[in-house]
Structure formats: C-alpha cells, structure tokens
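Okay, structure first, notes after.
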Amino acid sequence: MSRIKRGVTTRAKHKRVLDQAKGYYGRRKNTIRIAKQAVEKAGQYAYRDRKVKKRSFRALWIQRINAAVRAEGLTYSQFMHGVKLAGIELDRKVMADLAMNEGGVFTAIIAQAKAALPKAA
C-alpha cells in the first residue's frame, strides 16, 4: 500500500482559513493557530448578529413611529391598538418609512387609528 502525503490538503485548509482572516490585526491574520480561532469566533459573532440585526431594526422602527405619534398626542401602544381596531394592515417597517418620508399620509393613518379607539371615560 502506498503512503499518503497530506501536504496539499493541509495547505489548502490553511490557505482557506488565512484568506478568511485577511485584514485582521497582528498574528490573527498570518499564524494558522491564532487565525483559526479568530475566524471561528468571527463566524459565531456573524451568526449571532444576523439575528440581533432584526431586533435592532424593529426597535428603530418602533422609536420612529413613537416619535411621530407622540407629536399627534398619542402613545405608541395606543396608536398600535387603534391601528389593529381600524384594520390597517401595515407593518412597522412601512409605517416607520411613512412617518419619516410621507408625513401627510402618516397623519391620516394616525387620524384613522384615533377614530377607531374607544372613547375613554
């Protein structure tokens, strides 16, 4: 049985890791042991933050809607309750965009939501 030499495979694996570590600081970019750890950790951060990004954007949309709604004398939660009662099927992303760029349209939505709210005693 012939002997198997693994230099080609190992070099390819190392090259792949070092390519991913390109741009890192210090030995993280050119020493395979350290680069391997750095690339692995970077992958963990990337995986986690793909989820966190969705949360962050939703929080931003809520803040924008809240700011626009408070100028009209409502709170965010009252507004969202009114939107549900009025049967307006817009998501927070679209509403935040309307609040930022189309003030008149968003004011009309706020008026509809206010009208749908039950009168408080």
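The neighbour count for Lys36 NZ, taken as heavy atoms of other residues, nucleotides or ligands under 6.0 Å away, does not exceed 12. Under a cut-off of 6.0 angstrom, the local environment of CD in Gln44 is crowded, with over 12 non-hydrogen atoms contributed by other residues, nucleotides or ligands. By the 6.0 Å contact criterion, CZ on Arg48 is enclosed, its count of non-hydrogen atoms from other residues, nucleotides or ligands being greater than 12.
Grouping Ile, Leu, Val, Met, Phe, Trp and Tyr residues whose side-chain heavy atoms lie under 4.5 Å apart, directly or via other members, places Trp61 in a hydrophobic cluster with Phe57, Leu60.
Of all heavy-atom pairs spanning Val39 and Gln20, the tightest one is CG1-OE1, 3.3 Å. Closest of all the heavy-atom pairs between Ala35 and Ala21 is CB-CB, 4.0 Å. The heavy-atom pair separating Gln112 from Ala86 by the smallest distance is O-CB, 4.1 Å. The nearest pair of heavy atoms linking Arg92 to Ile62 is CD-CG1, 4.0 Å.
Between Leu90 and Val83 there is no side-chain heavy-atom pair separated by less than 4.5 Å. Residues Arg55 and Lys51 form a side-chain contact, since some pair of their non-hydrogen atoms from C-beta on lies under 4.5 Å apart. In this structure the side chain of Met80 reaches within 4.5 angstrom of the side chain of Met95, judged on heavy atoms. With a 4.5 Å cut-off on side-chain heavy atoms, Val69 and Phe106 count as touching.
If you take CD1 on Ile88 and CD1 on Ile110, they are separated by 10.0 Å, rounding to the nearest 0.5 Å. Between the CD atom of Glu72 and the OG1 atom of Thr107 there is a distance of 5.0 Å, given to the nearest 0.5 Å. To the nearest 0.5 Å, atoms CZ (Arg58) and NZ (Lys54) are separated by 13.5 Å. Atom CG of Leu18 sits about 4.5 Å away from atom CD1 of Ile32, to the nearest 0.5 Å.
Partner of Asn66 under the side-chain hydrogen bond (donor to acceptor under 3.5 Å, both in side chains) criterion, out of Arg64, Arg70, Gln63: Arg70 alone.
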### Task
Could you walk me through whether Lys53 and Asp49 pass salt bridge (Lys or Arg N to Asp or Glu O under 4.0 Å), step by step?
CA-CA 6 Å; Lys53 185 165 112 176; Asp49 290 340; over 6 Å; no
### Task
Could you walk me through whether Arg11 and His14 pass the side chain to side chain contact (heavy atoms under 4.5 Å, CB included) test, one step at a time?
CA-CA 5 Å; Arg11 195 173 310 111; His14 289 187; 5.7 Å; no
### Message
Please determine whether side chain to side chain contact (heavy atoms under 4.5 Å, CB included) holds for the pair Ile109 and Phe79, giving the CA-CA distance in whole Å, both sets of side-chain angles, and the decisive distance to 0.1 Å.
### Response
CA-CA 9 Å; Ile109 293 173; Phe79 170 71; 4.0 Å; yes
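Taking a cutoff of 4.0 Å between a charged side-chain nitrogen and a carboxylate oxygen, Asp97 and Lys93 do not qualify as a salt bridge.
At least one donor-acceptor pair under 3.5 Å links the side chain of Asp91 to the backbone N or O of Val94.
Ile34 is not connected to Val17 by any chain of hydrophobic side-chain contacts under 4.5 Å among Ile, Leu, Val, Met, Phe, Trp and Tyr, and they are in different clusters.
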